[in-house]
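First the structure, in the form of structure tokens, and then the observations on it.
Remember, it's 1-based here, ligands and their atoms both numbered in the order they're listed.
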Amino acid sequence: MILVTGGAGFIGANFVLEWLEHNDEPVLNLDKLTYAGNLHNLDSLQGDARHIFVRGDIGDRALLERLLAEHQPRAVINFAAESHVDRSIHGPEDFIQTNVVGTFRLLEAVRHYWSALPATQKEAFRFLHVSTDEVYGTLTPDEPAFAETHRVEPNSPYSASKAASDHLVRAWHHTYGLPVLTTNCSNNYGPLHFPEKLIPLVIVNALAGKPLPIYGDGRQIRDWLYVRDHCRAIARVLQAGRLGEVYNIGGWNEKANIDIVKTVCALLDELRPRSDGKSYAEQITFVQDRPGHDRRYAIDARKIERELGWKPAETFDTGIRKTVQWYLEHPEWVANVQSGAYRDWVAKQYGAVQ
Ligand code: NAD
Ligand code: TYD
């Protein structure tokens, strides 16, 4: 079996669902169920013996050692993290605790388990660390996209904590020989995305008749990838990636935030028109910029394509349409994640705008 951490979050849950659609190899899913973890993401696996869920912290060494000894996974895929840049600005402590200390403890527990495995299992074992393009910092409009060799220059507490975890993973390979793989992916979007992030926030706010907050001038650029494409890339790296290597994953889809928001509004105008006949774009509101806001991210995904034959299956047009449709078809999921804790966050981040 494989051990997945953070498998109740956005990408982790999509990964578990994608994995079990194509594989019978069981998944042990360890997730702390923070505000971002949601077991409803995995409702379709209820009663499926291939999915074992354990609520717990990647920083809990005793729990990890017990789970590893009991279930003997052949691989660990580490999705668990605090993942929202704005939250890291308001409160960086949890990011250091989970992303840095948690990854360290997980690495130590895995190293202890792996070093005692029989030779063939030891050789076949993999630790795959899921990271972000944000560790590379920001690009000017004319700079080439981030390759794996780009210098690491994180600018937010979130990206600094992820960069720190990437360094630990690298060091555990070079020092202890732990068979690691690291992936650095661009911005994901798709079903099950928590509505604190740009795309789901805009869909949910638009339908609720609320403002669509755009930070600063809205000309910041992100490189968007449909989440299931990311999941398939991770499965491919796990299967055939070279030990100790980093693979950048991206969708060749650079878009300015304002254009993303206008695209989502146009899709909603088509699929669920406003009752007054006006466009959802009328709800766009420019708000104060994020401190230290990175201007542009872009991924050079040629290495994973060349070495492992991975390419995204979705274009932005197909992926964003599927995403908007998914939110329209799952109002109960949206209502469920908009818990009290979420509303407190919205009040803190956007104040009177909401
Ligand atoms: P998310 O915030 O939606 O989910 C994170 C999950 O981890 C949640 O289920 C949460 O309960 C769990 N978790 C948090 N702290 C934990 C802990 N201490 N122990 C166990 N579980 C814990 O995040 P996501 O968007 O799904 O991101 C998953 C991973 O992918 C993260 O490592 C993130 O840095 C990386 N990543 C995300 C993106 C993106 O666009 N969302 C892009 C590239 C990389
Ligand atoms: P986000 O989804 O938080 O991802 P990240 O910061 O990790 O890239 O934000 C994507 C972009 O959208 C980023 O440039 C910040 C911007 N943004 C807004 O303009 N308004 C918002 O309300 C949010 C949440 C993000």
Practice problem: Name the closest protein heavy atom to atom 19 (N) of ligand 1, giving the residue it belongs to and the distance to 0.1 Å. | Solution: I58 N, 3.0 Å

Quiz prompt | Contact check, A13 vs ligand 1, heavy-atom distance below 4.0 Å | solution = no

Quiz item: Out of L33, N14, D31, whose heavy atom sits nearest atom 8 (C) of ligand 1?
Solution: D31

Quiz item: For atom 30 (O) of ligand 1, what is the nearest protein heavy atom, given as residue, atom name and distance?
Solution: V130 CG1, 3.5 Å

Quiz prompt | Closest protein heavy atom to atom 44 (C) of ligand 1, given as residue, atom name and distance to 0.1 Å | solution = S131 O, 3.1 Å

Quiz item: Who's closest to atom 4 (O) of ligand 2 heavy-atom-wise, of T132, V202, N187?
Solution: N187

Exercise. Identify, for atom 32 (O) of ligand 1, the protein heavy atom at the shortest distance, and state residue, atom and that distance.
Key: K162 NZ, 2.6 Å

Quiz prompt | Salt-bridge present (E143, R296; N to O < 4.0 Å) | solution = no

Exercise. Determine whether the side chain, the backbone, both or neither of N257 has a heavy atom under 4.0 Å from any heavy atom of ligand 2.
Key: side chain

Quiz item: Against heavy atoms of H84, which atoms of ligand 2 measure under 4.0 Å?
Solution: 3 (O)

Practice problem: Pick one of side chain, backbone, both or neither for how L201 approaches ligand 2, counting any non-hydrogen atom pair under 4.0 Å. | Solution: side chain

Self-check item: Sole residue of W326, F316, Y189 in ring-ring contact (aromatic ring centres under 6.0 Å, His included) with Y226
Solution: Y189

Quiz item: Which of the numbered atoms in ligand 2 are below 4.0 angstrom from a heavy atom of E134?
Solution: 5 (P), 7 (O), 8 (O)

Exercise. Tell me whether the guanidinium CZ or amine NZ of K255 lies under 6.0 angstrom from the six-membered ring centre of W224 and within 45° of its axis.
Key: no

Quiz item: Just wondering, more than 12 heavy atoms not from E123 lying within 6.0 Å of its CD?
Solution: no

Self-check item: Distance from atom 3 (O) of ligand 2 to nearest protein heavy atom, with residue and atom
Solution: R290 NH2, 3.1 Å

Practice problem: Apply side-chain contact (heavy atoms from CB on, under 4.5 Å) to the pair L271 and R321, showing each step before the final yes or no. | Solution: CA-CA 10 Å; L271 298 169; R321 181 172 284 274; 4.2 Å; yes

Quiz item: For atom 34 (O) of ligand 1, which candidate among Y297, Y158, F79 holds the nearest heavy atom?
Solution: Y158

Self-check item: Candidate with minimal heavy-atom separation from atom 14 (C) of ligand 1, of G6, A81, A80, G12
Solution: A81

Quiz prompt | Cluster check L30, V27: I/L/V/M/F/W/Y, side chain < 4.5 angstrom | solution = no

Quiz item: Are I304 and V237 close enough that some pair of their side-chain heavy atoms sits under 4.5 Å apart?
Solution: yes

Quiz item: V180 versus R170: any side-chain heavy-atom pair under 4.5 Å?
Solution: no

Practice problem: Please indicate whether any nitrogen or oxygen in Y297 is less than 3.5 Å from any nitrogen or oxygen in ligand 2. | Solution: no

Quiz item: Looking at atom 43 (C) of ligand 1, what's its closest protein heavy atom, distance included?
Solution: C185 O, 3.3 Å

Quiz item: Of R296, H293, Q220, which has the heavy atom at the shortest distance from atom 13 (C) of ligand 2?
Solution: H293

Practice problem: State which residue, out of H150, E153, R151, fulfils the side-chain contact (heavy atoms from CB on, under 4.5 Å) condition with Y136. | Solution: H150

Quiz item: Is any N or O atom of P213, backbone or side chain, closer than 3.5 Å to an N or O atom of ligand 2?
Solution: yes

Quiz item: Do Q283 side-chain atoms and A206 backbone N/O form a donor-acceptor pair below 3.5 Å?
Solution: yes

Self-check item: R87 to Y35 six-membered ring, cation-pi geometry met (6.0 Å, 45°)
Solution: yes

Exercise. Ignoring hydrogens and angles, tell me if any N or O in the side chain of N14 forms a donor-acceptor pair with the backbone of F10 under 3.5 Å.
Key: yes

Quiz item: Where is the nearest protein heavy atom to atom 3 (O) of ligand 1: which residue, which atom, and how far?
Solution: F10 N, 3.1 Å

Quiz prompt | Ligand-residue contact atoms, ligand 1 with G56, heavy atoms, under 4.0 Å | solution = 19 (N), 20 (C)

Self-check item: Taking atom 41 (N) of ligand 1 as the reference point, the nearest protein heavy atom with its distance
Solution: I11 CD1, 3.7 Å

Self-check item: Identity of the nearest option to atom 40 (O) of ligand 1, non-hydrogen atoms only, from N188, I299, I199, V227
Solution: N188

Quiz item: Is it true that D259 and R219 have a side-chain N and a carboxylate O under 4.0 angstrom from each other?
Solution: yes

Quiz prompt | Heavy atom of the protein closest to atom 21 (N) of ligand 1 (residue, atom name, distance) | solution = K32 N, 3.0 Å

Practice problem: Out of S83, G9, G190, indicate the one that has the non-hydrogen atom closest to atom 2 (O) of ligand 1. | Solution: S83

Quiz item: Would you say the side chains of Y297 and Q220 form a donor-acceptor pair under 3.5 Å?
Solution: no

Quiz item: Would you say the side-chain atoms of R50 pair up with the backbone N or O of L20, donor to acceptor, closer than 3.5 Å?
Solution: yes

Practice problem: Check ligand 2 against K197 and write out every atom of the ligand that is under 4.0 Å from a heavy-atom position of the residue. | Solution: 2 (O)

Exercise. Would you check if the side chain of D229 reaches a backbone N or O of A313 as a donor-acceptor pair within less than 3.5 Å?
Key: yes

Quiz item: What residue and heavy atom of the protein are closest to atom 22 (O) of ligand 2, and at what distance?
Solution: Y350 OH, 2.7 Å

Quiz item: Among Y189, Y158, Y215, which residue places a heavy atom closest to atom 17 (N) of ligand 2?
Solution: Y215

Practice problem: Using non-hydrogen atoms of the residue, decide whether T5 is closer than 4.0 angstrom to ligand 1. | Solution: no

Quiz item: Going by the atom numbers of ligand 2, which of them fall below 4.0 Å from some non-hydrogen atom of V85?
Solution: 6 (O), 7 (O)

Quiz item: Does atom NZ of K262 have more than 12 heavy-atom neighbours, drawn from other residues, nucleotides or ligands, at distances under 6.0 Å?
Solution: no

Quiz prompt | ligand 1 contacted by A8 (non-hydrogen, < 4.0 Å) | solution = yes

Exercise. Would you please determine whether E196 falls within less than 4.0 Å of ligand 2 on a heavy-atom basis?
Key: yes

